[in-house]
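All residue numbers refer to positions in the sequence shown, counting from 1. Atoms within a ligand are numbered from 1 in the order they appear, just like the ligands themselves. Keep in mind that what you see is a predicted model, and the values were worked out from it rather than measured.
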Amino acid sequence: MISENVKKILNEQINKEFYSAYLYLAMSAFFDNMGLYGFANWTKVQAREEVDHGMIIFDYLVDQNTNIELKQIDVPDTDFKSPMQVFEKILEHEKYVTSSIDAIAHLSLEECDLASLNFINWYLKEQIEEEKNTGDIITKLKLFGDEQASLYLINKELAKREYKKHEYS
Ligand code: OFO
């Protein structure tokens with residue numbers, strides 16, 4: 001049976017995942033307004049993946065016959081200035097999400113809730129990928145600079161990202 005404390009922290013994580021989706025959507029709108037449609041595509045695809053992350057936790061809690069406590073989603077900070085600054089914000093945010101996932105793993109272990117520990121393992125791996133993908137884009141932006149010609153090339157590459165429903169495995 002799922003532990004009460006783990007149930008509470010997983011409910012909070014649903015909120016964080018949906019907040020992430022909001023944040024990426026706000027970023028997508030910023031890039032769209034700049035005419036950087038590839039960057040807009042990349043962040044919009046990420047927003048959809050964040051919804052999947054939230055839904056996977058939702059389904060896990062439902063399968064465990066627990067009550068779901070949906071909380072208000074905060075308005076994201078939209079102080080965006082440049083592609084580099086946005087991607088630095090993304091990395092900072094993903095590191096914060098990684099620390100939340102780590103906390104869930106620790107709590108599950110402490111509470112001997114091994115089913116939840118096993119469940120959250122997928123998110124631990126997912127966060128490695130989230131931070132790596134963002135870090136790779138920051139590296140490219142640093143390497144090529146914020147000039148228009150290089151932004152054009154990175155923009156073209158980010159336009160290729162396609163949404164695939166994130167399945168829990
Ligand atoms: Fe759900 O991983 Fe990003 O925030």
What's the verdict on side chain to side chain donor-acceptor pair (under 3.5 Å) for Lys7 and Thr66, showing C-alpha distance, side-chain angles and the deciding distance? CA-CA 8 Å; Lys7 184 170 80 180; Thr66 66; 5.8 Å; no
So, do Trp122 and Tyr60 have ring centers that fall under 6.0 Å from each other? no
Report yes or no: does Gln85 contribute a side-chain atom to a donor-acceptor pair with the main-chain N or O of Asp79 at less than 3.5 Å? yes
So what's near atom 1 (Fe) of ligand 1, protein N, O or S atoms under 2.8 Å? Glu17 OE1, Glu50 OE1, His53 ND1
Tyr123: what forms a side chain to side chain donor-acceptor pair (under 3.5 Å) with it, not counting sequence neighbours? none
Verify, without hydrogens or angle tests, whether Asn155 (side chain) and Gly38 (backbone) share a donor-acceptor contact under 3.5 angstrom. yes
Would you sort out whether Asn11 and Glu69 count as a side chain to side chain donor-acceptor pair (under 3.5 Å), showing the intermediate values? CA-CA 6 Å; Asn11 265 291; Glu69 290 171 49; 4.6 Å; no
